[in-house]
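Order of the sequence lines sets the chain letters (A, B, ...), proteins ahead of strands, with each chain counted from 1. Keep in mind that what you see is a predicted model, and the values were worked out from it rather than measured. FYI, side chains are in, hydrogens and waters are out, and symmetry mates aren't considered; it's all heavy atoms of this structure.
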Protein chains: 2
Amino acid sequence: MPSDKNIELTIRDGHESAPPKAAKKILDVAYDLFYRRGIRAIGVDEIVKRAGVTKPSLYRSFPSKDELAASYLRQYDLEYWERFDEAVAAYPGDPRAQIKAFLTRIGKRTQVADYRGCGMTNAAVEYPDHSHPARVVSEANKQELRHRLRAMAAAMGAQDPDTLGDGLLLLIEGAYISGQLFGLGGPAQSVARNADLLIEASLKK
Amino acid sequence: MPSDKNIELTIRDGHESAPPKAAKKILDVAYDLFYRRGIRAIGVDEIVKRAGVTKPSLYRSFPSKDELAASYLRQYDLEYWERFDEAVAAYPGDPRAQIKAFLTRIGKRTQVADYRGCGMTNAAVEYPDHSHPARVVSEANKQELRHRLRAMAAAMGAQDPDTLGDGLLLLIEGAYISGQLFGLGGPAQSVARNADLLIEASLKK
DNA sequence: TGACAATGTTACCGATCGGTACGATACATG
DNA sequence: CATGTATCGTACCGATCGGTAACATTGTCA
């Protein structure tokens with residue numbers, strides 16, 4: 001589900017001129033394959049074959065497979081915050097409703113066969129080395145998520161905003177993982193309700 | 001941290017007689033390597049080298065790398081429920097305290113550099129294919145965890161036991177994942193407190 | 001000592017891994 | 001039209017992947 005916007009930002013840092021058309025096709029295919037089947041599970045040969053290009057084309061646009069994986073995650077990051085900001089924009093000034101909307105959406109997404117969870121989370125599991133290009137992007141995304149959740153917990157008047165923000169983060173990560181572990185009917189479908197219960201219990205009385 | 005007990009149960013289904021000594025060394029090394037660096041990241045050559053054995057020895061005890069990975073997870077499963085049952089045994093008849101003890105332990109374990117989360121969860125992320133031998137073991141472990149948590153939620157008098165049990169599962173999975181994502185000082189350290197808040201809010205008034 | 005199971009050794013297999021050298025081809029601009 | 005530039009495809013690289021064949025060696029126990 002990569003969008004067409006901002007592709008150039010994820011390729012070669014956007015410093016070069018117009019990005020080659022092949023690069024977009026490669027990134028689109030890599031996005032789909034990396035997300036659905038895992039980064040380590042996909043070889044560059046399969047990517048170029050499915051993209052209808054050749055291997056040298058890939059290495060002209062991306063310095064390595066690891067960097068291609070990082071580009072995939074940068075694209076994922078863009079779309080992630082788009083979804084997040086949609087939920088925020090839907091309920092201006094009401095962080096509790098924003099969280100509820102975001103988690104309801106996550107809960108729905110998990111209830112589909114072959115749901116694969118969060119690409120960021122999965123990449124971090126695949127690459128425990130903190131210096132790996134893909135993991136760097138992943139960790140930055142999660143740090144940002146933590147910041148936002150803690151800020152929203154504070155804005156909704158939590159007794160201990162950091163604890164509530166972290167609790168929401170745990171529920172979200174749990175939903176990503178259990179969504180792909182249990183499939184339909186799994187625990188992830190209750191993430192929004194559990195989050196709301198936790199919020200209710202964490203507000204200043 | 002593989003223990004010496006019950007090894008034979010995870011090798012060749014335990015139907016044969018005494019397990020070869022080489023098999024234990026192989027499984028121990030594979031356990032450590034698979035857990036710390038990931039299954040896909042480790043080749044059989046590295047396993048046999050670190051175990052001080054040869055490749056044919058590995059394939060005499062394990063039919064394939066995939067089955068070796070499954071054996072690793074069966075061993076992990078044994079030790080997992082040992083830890084779980086310890087927490088249960090520490091507070092007989094008090095499921096809420098049992099949960100609290102288990103989650104406190106998880107929270108502590110996550111607060112160490114290079115924490116790698118749950119081997120079961122990680123394996124499921126590495127192998128999205130539901131028919132993979134390693135994933136079969138992983139999914140069975142998670143189903144069992146869900147059963148137990150829902151039963152405990154019912155035993156502690158939750159208004160909606162299935163929702164609370166699933167909520168606890170989400171928090172636990174979130175702790176495993178965020179533990180390896182954030183390292184020291186991450187959200188996982190608050191898993192026990194958040195679980196207790198959620199429990200409090202979920203009990204029949 | 002004989003017998004057997006377990007392990008070791010060495011060498012090998014085809015497939016795939018990530019990555020590249022190099023010449024051909026399209027294309028825009030003068 | 002010519003010329004340079006960028007993208008293309010063919011073919012190839014060494015390394016590693018999971019897995020095996022054939023045979024020598026060890027250790028144990030009767």
Tell me, please, whether B:Tyr115 has B:Arg109 positioned over its six-membered ring: NZ or CZ under 6.0 Å from the ring centre and within 45 degrees of its axis?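 Ring-cation test returns no.
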
Strictly under 4.0 angstrom, non-hydrogen atoms only: write out the protein contact profile of nucleotides 9-27 of chain D, one letter per nucleotide from the 5' end, B, S or -. BB------SBBBB------

Find the distance B:Lys25:NZ to C:dA6:P and express it as a whole number of Å.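 Nearest whole value for this atom pair: 16 Å.
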
Salt-bridge test for A:Glu173 and A:Lys142: reply yes if a basic N is under 4.0 Å from a carboxylate O, no otherwise.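 Looking at A:Lys142 together with A:Glu173, the answer is yes, because their closest N to O distance falls below 4.0 Å.
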
Under the salt bridge (Lys or Arg N to Asp or Glu O under 4.0 Å) test, residues paired with B:Asp160 that sit two or more places apart: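 For B:Asp160, the residues satisfying salt bridge (Lys or Arg N to Asp or Glu O under 4.0 Å) (neighbours in sequence not counted) are A:Arg193.
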
Side-chain donor-acceptor contact under 3.5 Å, A:Ser138 with A:Arg135: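 No, because no side-chain N or O of A:Ser138 sits under 3.5 Å from a partner of the opposite role on A:Arg135.
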
Using side-chain contact (heavy atoms from CB on, under 4.5 Å) as the criterion, point out the one residue from B:Val29, B:Leu27, B:Val53, B:Ile47 that pairs with B:Leu58.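 In the set B:Val29, B:Leu27, B:Val53, B:Ile47, the residue that makes a side-chain contact (heavy atoms from CB on, under 4.5 Å) with B:Leu58 is B:Ile47.
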
